[in-house]
Each structure stands twice: as structure tokens, then as C-alpha cells.
Engineer: 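The structure's right below; bear with me while I get my questions together.
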There are 2 protein chains.
Amino acid sequence: MKLEEAKLQFIQAWGKLGSEWGINRTMAQVHALLLITPESLTTEEIMESLSISRGNANMTLRDLMGWGLVEKQLKPGERKEYFYADKNTWNIARQVAKERRKRELDPVIKILDELSKVEGNSNDPAYKTFHKSVKDINKLAKNVDKTLETMLKAEESWFWGSVLKVFK
Amino acid sequence: MKLEEAKLQFIQAWGKLGSEWGINRTMAQVHALLLITPESLTTEEIMESLSISRGNANMTLRDLMGWGLVEKQLKPGERKEYFYADKNTWNIARQVAKERRKRELDPVIKILDELSKVEGNSNDPAYKTFHKSVKDINKLAKNVDKTLETMLKAEESWFWGSVLKVFK
DNA sequence: TTAAACTTTCAATAATTATTGAAAATAAAA
DNA sequence: TTTTATTTTCAATAATTATTGAAAGTTTAA
């Protein structure tokens with residue numbers, strides 16, 4: 001396989017995986033493109049490479065910056081903006097974990113905490129089942145939360161070293 | 001908050017979380033409904049509870065069985081089918097992990113393995129960057145894969161005991 | 001058999017989500 | 001200033017994904 005073809009396949013695969021996990025396909029593709037590009041790119045170049053409109057490119061790049069995955073670079077003497085993606089995979093994983101935790105896990109834990117407090121008659125099977133499910137899911141969510149918390153602070157080698165040793 | 005209201009909120013929250021993670025909202029809601037219901041329910045009852053059509057209920061239930069989260073029960077002497085969800089949260093987490101791994105992670109690893117093999121000129125920055133990114137992501141994906149593999153075999157208390165102790 | 005009770009399918013439609021493109025806004029240069 | 005380069009916004013539109021509902025299929029009972 002030739003490099004150019006491989007690049008396209010990588011961008012496709014990344015886009016597909018993203019969309020299966022609730023991340024906008026274009027966003028995943030732009031990220032993929034920047035990941036395999038040594039230099040930073042302009043909006044124009046990204047539009048061209050992926051055949052997307054200026055509006056789409058602009059919004060997607062802003063989203064990626066909001067996720068902390070891409071940063072803007074200004075070159076002295078140049079007017080246009082360049083975009084660059086951090087290539088450190090561990091940073092990327094951490095950043096994604098951090099954002100999804102904040103955006104999705106934390107709100108759900110808040111609701112589960114509320115729902116855990118709901119009182120009812122413990123002879124009522126409907127209440128018992130509700131309460132048990134909510135409590136158990138809440139506990140699981142909190143364990144995930146704690147683990148992510150630790151992961152966010154950890155160094156990659158230490159993290160995988162520990163995990164894979166424990167689970168060997 | 002009253003139990004009935006709490007149930008609705010739970011179903012809503014579960015549906016929202018599901019859709020943010022690429023799982024059909026209705027599927028997550030049907031699952032949530034079955035999770036908090038002590039008995040098994042008929043298609044009719046599910047349609048009614050969630051105000052969805054027969055076709056939608058039918059397909060969603062089949063999907064949930066495909067994910068291994070819901071099972072069909074046949075009651076002696078009765079013609080209609082009843083649906084029941086496993087209430088064990090750890091089983092649910094494992095089952096979801098197992099399916100997503102099979103459906104999404106494994107195919108991606110396969111592609112990354114292919115792309116890792118692509119050869120090129122190591123003086124070419126485009127090639128170097130491509131190769132490094134693919135290799136690093138591949139490694140990360142494989143670590144996740146191994147960890148899931150272990151999780152699938154593990155008992156809940158042992159798993160969290162180990163993880164939270166290591167990361168304390 | 002035939003009918004009744006139920007389940008499945010799937011084309012049509014609706015709802016949601018993503019994308020475009022052109023106008024408005026901004027910022028530097030002339 | 002005014003012009004030019006660039007970015008941003010957002011209503012309109014397109015693409016995708018989910019849902020309906022009624023017809024066809026299946027299974028058991030009469």
C-alpha cells in the first residue's frame with residue numbers, strides 16, 4: 001500500500017470509529033489529518049484535503065480546540081491561522097477522557113445521586129428494583145470516575161505498567 | 001421526588017447517555033425500563049410505557065438481545081413473549097464492553113496493523129509522522145484490548161479492588 | 001382446515017444531525 | 001480612511017438515522 005492511500009484509509013477509519021462513539025465524523029477526520037501531518041495546516045488546506053466547506057472546517061477546528069486536541073499557531077508576518085495537533089497519543093487519550101468525563105459522566109452521576117435519594121416502600125418490588133439498579137449503576141459510575149481521575153494524572157508507562165501487571 | 005417521576009428521569013438520563021455514546025436512544029430507554037422493572041414485560045407493555053410503535057419495540061428488543069442485555073421469556077400456556085433484563089450491573093458493563101470490543105475495537109486494530117506495515121522513506125517527514133502516529137495508536141488500542149480481555153473474565157469486586165488499590 | 005394471536009418486515013415518513021455557502025464581522029495593510 | 005485578507009456566523013439545505021404502521025409472516029388453537 002502506498003503512503004497516500006494509507007493516509008486516506010487512516011482518516012476514514014478514524015472518522016468511522018469517531019462516529020460510532022458519538023463524535024462527529026468530520027471532527028474525527030480533521031483530527032486524523034492533523035495527526036499524520038508533520039506541519040500545521042491552514043483552514044484552506046484542510047478544506048481542500050477533506051473536501052469540506054469553509055464553515056464546516058472552521059467550526060470543526062474550533063470544536064477540536066475546545067476538546068484540547070488541536071491548537072492554533074500564528075506565524076509571524078502571516079495573516080492566516082495554522083492548526084496543529086498534539087501527536088502524543090497518551091495526551092490525546094487523557095484529553096478525550098477528561099472531556100467526556102466532564103461533559104457526560106459527571107452530569108449522569110449527579111442525576112444518579114439524586115435518584116438514589118428517592119424514598120419508597122421497601123415492600124414494593126417496583127421500588128426495590130428501581131433503587132437497587134440506580135444504586136449499583138451509581139457505584140459503577142463512581143468507580144469509573146475515580147479510575148479516570150487517576151488516569152488523568154498518570155504517566156503512560158506507569159499506567160499501563162500497573163494495569164497490565166495487575167491483570168496479567 | 002415520587003417514584004414514578006424518578007423512573008421517567010432515569011429512563012431519560014439513560015437514553016441521553018446512550019445517544020451521546022453512539023447507542024440508539026430508544027434502545028437505551030427500553031433497556032432502562034427493563035432494568036428498573038422487577039418482572040418481565042411484553043412488547044405491548046413496553047410500547048405503551050415508552051410510547052413507541054410496535055415495529056420500533058420489536059427491532060429494539062431484538063437488538064438488545066443481540067447485545068446480550070435482554071432475554072426472551074416464554075410463559076407456559078401463554079402465547080406472547082416476555083422480555084427481561086439482567087439486573088447485574090457488572091454483567092451489563094462486561095457485556096457492553098465485550099460487544100463494542102468485537103464490533104469496533106477489533107476491526108480498528110486490524111486496520112491499524114495493516115497501516116503499520118506501510119513502508120516509506122524514513123527521511124520523509126510525512127512518512128515519519130504517519131508511521132509514528134499509527135504505531136502509537138495501535139499500541140494504545142492493544143493495551144485497551146488486553147485490559148478489556150481481562151475485565152471480561154474478572155469478578156467485579158476483584159476488578160475494582162485491584163484497580164482502585166493500584167491507583168489509590 | 002380456518003381463525004385468532006402474535007411477531008416480523010420494510011417502504012414511507014419524520015426527526016435529528018451535519019454541512020454548505022454567502023453575508024457579516026474582524027483585523028491588518030495600504 | 002479604504003481596501004484586502006481572513007474568520008465567523010447561521011439560515012437554508014442535505015444527509016443520515018430513527019420511527020411508524022400496515023401488510024405479510026408465523027405459530028398455536030379451535
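Predicted model, so just to flag it, every value in this text is computed and none were measured. Letters A, B, ... are given to chains in the order of the sequence lines, protein chains preceding strands, and every chain is numbered from 1.
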Engineer: At under 4.0 Å between heavy atoms, what does B:S51 touch on the DNA or RNA strands: base, sugar-phosphate, or nothing?
Structural biologist: sugar-phosphate
Engineer: Could you check whether A:R54 gets within reach of a base, just the sugar-phosphate, or nothing at all, counting any heavy atom under 4.0 Å?
Structural biologist: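 Base: the residue A:R54, judged by heavy atoms under 4.0 Å, touches a nucleobase.
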Engineer: Would you kindly compare A:E78 and B:I23 by the position of their nearest DNA chain D nucleotide and give the one closer to the 5′ end?
Structural biologist: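 That would be A:E78.
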Engineer: Can you tell me which nucleotide in D:dT19, D:dT8, C:dT8 comes closest to the side chain of A:K72?
Structural biologist: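 Taking heavy atoms from C-beta onward, the closest nucleotide is D:dT8.
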Engineer: Is the shortest side-chain N/O distance from A:R62 to OP1 or OP2 of D:dT8 below 4.0 Å?
Structural biologist: yes
Engineer: Please tell me if the side chains of A:L140 and A:D136 come closer than 4.5 Å, counting only heavy atoms from C-beta onward.
Structural biologist: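 With C-beta onward as the side chain, the pair stays apart.
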Engineer: Looking at the side chain of A:N56, which of D:dT19, D:dT8, C:dT20 is the nearest nucleotide?
Structural biologist: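 Selected nucleotide: C:dT20.
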Engineer: Parallel, tilted or perpendicular: which describes the rings of A:F159 and A:W90, with under 30° parallel and over 60° perpendicular?
Structural biologist: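 Ring orientation of A:F159 relative to A:W90: tilted.
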Engineer: Compare the minimum distances between each of C:dT9, C:dT8, D:dT28 and the side chain of B:R79, then state the nucleotide with the smallest one.
Structural biologist: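 So the side chain of B:R79 is nearest to D:dT28.
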Engineer: Do A:K7 and B:F130 form a cation-pi contact, if we require the NZ or CZ to be under 6.0 Å from the six-membered ring centre and within 45 degrees of the ring's axis?
Structural biologist: no
Engineer: Which listed nucleotide (D:dT19, D:dT7, C:dA18) is nearest to the side chain of B:N24?
Structural biologist: D:dT19
Engineer: Closer than 4.0 Å, any side-chain N/O of A:T26 to the OP1 or OP2 of C:dT19?
Structural biologist: yes
Engineer: Indicate whether OP1 or OP2 belonging to D:dT8 is found under 4.0 Å from a side-chain N or O atom of A:N58.
Structural biologist: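 It does, given that an N or O in the side chain of A:N58 lies less than 4.0 Å from OP1 or OP2 of D:dT8.
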